[in-house]
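Data first, discussion second: the structure below is written as structure tokens.
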Amino acid sequence: RLRKWQSRLRVSDAAERNLAFALSELDRIASQLKLPRHVEEEAARLYREAVRKGLIRGRSIEAVIAACVYAACRLLKVPRTLDEIADISRVDKKEIGRSFRFIARHLNLTPKKLFVKPTDYVNKFADELGLSEKVRRRAIQILEEAYEKGLTSGKSPAGLVAAALYIAGLLEGEKRTQREVAEVARVTEVTVRNRYKELVDKLNLKIPL
Amino acid sequence: MVDMSNVKLRIENIVASVDLFTELNLEKVIEICPNSKYNPEEFPGIICRFDEPKVALLIFSSGKLVVTGAKSVEDIERAVNKLIQMLKKIGAKFHRAPQIDIQNMVFSGDIGMEFNLDAVALSLPNCEYEPEQFPGVIYRVKEPRAVILLFSSGKIVCSGAKSEHDAWEAVRKLLRELEKYGLIEEEEEW
DNA sequence: AATTTACTTTCCAAAGC
DNA sequence: GCTTTAAAAAGTAAATT
């Protein structure tokens, strides 16, 4: 009947409005983060899939969009920290993190698919710090040794990469301050210092004074 | 067969729901509870703390309670009896024994070996590992229902179990999975 | 820079919004 | 969903000294 038809119209109206809002929010985040088009498209695909599976229930569209952006970055190996996304989202980092873990669980985004090699973070941070190829290679070498010695489990990848770049900079004569590397990695100086100490100690690195 | 001889579990917290089968006037109850807090605007129950046994109780007007922070089931029984004695002085009548249901037990423990959590996350199905947000692997056991947090040190936290037996069973299942995917013989192949 | 305090994760019930 | 309560793990963060 007419009423049923109207309610159907209303439902699809709401769904379309929500989707339009979600995609505009995605556009806003993607342009501010200067994300490649394929990442934005993947985030949109993840969002539609999340809607189709009813994963939005109880969550805000903004939180889920931010989570999809983060997931798309991880899947496509485009390094972006959760903090960078949280900075420009109206939703806080904690809520984005929750939504991210929730959609990851239900869209079968396994740790394997989401794994981003430290190398990718090295290049991103090194770009922002203006560090040479030589420093990057040294940092990666340090990170590989640290992994082999079991120093990386449970630690913040961003903190580890920041410390490795700090050390590599010192070793290759392209010093950046702890403050500078901490800033691009979005961790505190204390974290950089703690990782730095442990890496220098356990890998027997000789830092030129 | 999974070797559990090196595995340790320790009770850290027990949560129980209790029904006293008596309606309570919280305005009266608040006067006989020394270290308690009651703001019906923010939370409908009285928050009360006992030193002996060391627990926290949430007291509701329906006569139902939530007891948390206990290290043993006996602590919960003692706390409930202590509260009942206090309530009797305020005129509350008890016609039957309280019903106590253990809802959740939290354990800390040790598996006795270290783990490469990247390797664990790569092969162990149905687990979560986001080192940027939390340093442990999160593993959910369906039956008995429980969640285990596994750290690189081999230390664990098991929550959601309703009994010590269930917690051991959940840990046993995690170990079986770890063994099945070749994650037990760590040391050499890091 | 060391200490202390605090927050992240997991679990669960209660009554009501 | 949220509110409150407890507790541990290990990492990170923030506030004091």
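Residue numbers start from 1 in every chain, and the chains themselves are labelled A, B, ... in the order their sequence lines are given, proteins ahead of strands.
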Here the distance between atom C1' of dG1(D) and atom CG of Leu55(A), to the nearest Å, is 16 Å
Taken to the nearest whole Å, CG/Asn104(B) to C1'/dC12(C) is 5 Å
Between Val15(B) and Gln178(A), the residue closer to the 5' end of DNA chain C by nearest nucleotide is Gln178(A)
To the nearest angstrom, the CG-P distance between Leu82(A) and dG11(D) comes to 20 Å
Arg59(A) side chain near dG1(D) phosphate (N/O to OP1/OP2, under 4.0 Å)
no
Fill in: P-based separation of dA2(C) from dA9(D) [nearest Å]
23 Å
Rounded to whole Å, the OH-P distance (Tyr38(B) to dA15(C)) equals 13 Å
If we count only N and O atoms by modelled type, under 3.5 Å, do the side chains of Ser153(B) and Glu114(B) hold a donor and an acceptor together? no
Is any side-chain nitrogen or oxygen of Lys155(A) closer than 4.0 Å to OP1 or OP2 of dT12(D)? no
Between CD of Glu128(B) and P of dC11(C) the distance, given in whole Å, is 9 Å
- request: Under 4.0 Å between any heavy atoms, over every strand shown, what does Val187(A) touch: base, sugar-phosphate, or nothing? Just pick one.
  value: sugar-phosphate
- Item | Any Lys197(A) side-chain N or O less than 4.0 Å from OP1/OP2 of dA2(C) | yes
**Message:** Between Arg140(B) and dC11(C), is there a contact of a side-chain N or O with OP1 or OP2 at under 4.0 Å?
**Reply:** yes
| message | Please determine whether a side-chain nitrogen or oxygen atom of Arg98(A) lies at a distance below 4.0 Å from atom OP1 or OP2 of dC2(D). | response | yes
Side-chain atoms of Lys54(B) come closest, of dA7(D), dA9(D), dT10(C), to dA7(D)
When rounded to whole Å, the OH to P distance for the pair Tyr129(B) and dG11(D) reads 9 Å
Quiz item: Between dT9(C) and Arg101(A), is there an OP1 or OP2 to side-chain N/O distance shorter than 4.0 Å?
Solution: yes
Q: Answer yes if the side chains of Tyr147(A) and Asn116(B) hold a donor-acceptor pair under 3.5 Å, and no otherwise.
A: yes
(Q) Quick check on dG11(D): is either OP1 or OP2 less than 4.0 Å from any side-chain nitrogen or oxygen of Arg195(A)? (A) no
Rounded distance in Å between the P positions of dT8(C) and dC2(D):
12 Å
* To do: Could you give the distance separating dA7(D) and dT3(C) at their P atoms, to the nearest angstrom?
  => 25 Å
> Any luck finding a side-chain donor-acceptor pair between Arg28(A) and Gln32(A) under 3.5 Å?
Replying inline: yes
In whole angstrom, give me the gap between the P atoms of dA6(C) and dT5(D). 13 Å
note: Leu58(B), atom CG; dT4(D), atom P; distance rounded to Å ~ 11 Å
Is there a donor-acceptor pair under 3.5 Å between the side chain of Lys8(B) and the backbone N or O of Asp110(B)? no
Here the distance between atom P of dG11(D) and atom CD of Glu198(A), to the nearest Å, is 8 Å
Among dA6(D), dC12(C), dT10(C), the one nearest any side-chain atom of Asn13(B) is dA6(D)
The nucleotide from dA6(D), dA1(C), dA9(D) with an atom nearest the side chain of Arg193(A) is dA1(C)
With the side chain defined as heavy atoms from C-beta on, Phe134(B) is closest, among dA6(D), dA10(D), dT12(D), to dA10(D)
Heavy atoms only, 4.0 Å cut-off, all strands: where does Ser62(B) land among base, sugar-phosphate and nothing?
sugar-phosphate
Checklist entry - Does one side chain, of Asp83(A) or Thr81(A), offer a donor that lies under 3.5 Å from an acceptor on the other? => result no
The answer to which of Glu132(B) and Ala56(B) contacts DNA chain D further toward the 5' end, by nearest nucleotide, is Ala56(B)
Rounded to whole angstrom, note down the P distance from dA13(D) over to dT9(C).
15 Å
By nearest-heavy-atom nucleotide on DNA chain C, the more 5' of Phe60(B) and Pro135(B) is Pro135(B)
Apply side-chain contact (heavy atoms from CB on, under 4.5 Å) to residues Cys68(A) and Ile103(A) and explain how you reach the verdict.
CA-CA 8 Å; Cys68(A) 289; Ile103(A) 66 163; 3.9 Å; yes
query: Side-chain N or O of Thr188(A) less than 4.0 angstrom from OP1 or OP2 on dA13(D)?
result: yes
Q. Looking only at side chains, do Gln103(B) and Asp101(B) share a donor and an acceptor under 3.5 Å apart?
A. no
Quick note, Val157(B) side chain, CB onward, closest among dA15(C), dT5(D), dA9(D) is dA9(D)
Q. With sugar-phosphate meaning primed atoms plus P, OP1 and OP2, does Arg10(B) contact a base, only sugar-phosphate, or nothing at under 4.0 Å between heavy atoms?
A. nothing
Applying the 3.5 Å cut-off to both distances, the Watson-Crick or G-U partner of dA15(C) turns out to be dT3(D)
| Between Lys162(B) and dC11(C), does any side-chain N or O lie under 4.0 Å from OP1 or OP2? | no
Walking DNA chain D from its 5' end, the first of Phe107(B) and Pro157(A) to be reached, judged by nearest nucleotide, is Phe107(B)
* So what does Val147(B) touch, heavy atoms closer than 4.0 Å: a base, only the sugar-phosphate, or nothing? -> sugar-phosphate
ask   = Within 45° of the axis and under 6.0 Å from the centre of the six-membered ring of Phe102(A), does NZ or CZ of Arg59(A) qualify?
value = yes
Worksheet item: How would you label the contact of Gly154(A) with the nucleic acid (heavy atoms, under 4.0 Å): base, sugar-phosphate, or nothing?
Response: sugar-phosphate
Does a nitrogen or oxygen in the side chain of Thr191(A) sit under 4.0 Å from OP1 or OP2 of dA13(D)?
yes
Winner on side-chain proximity to Ser153(B), out of dA14(C), dT10(C), dA10(D), is dA10(D)
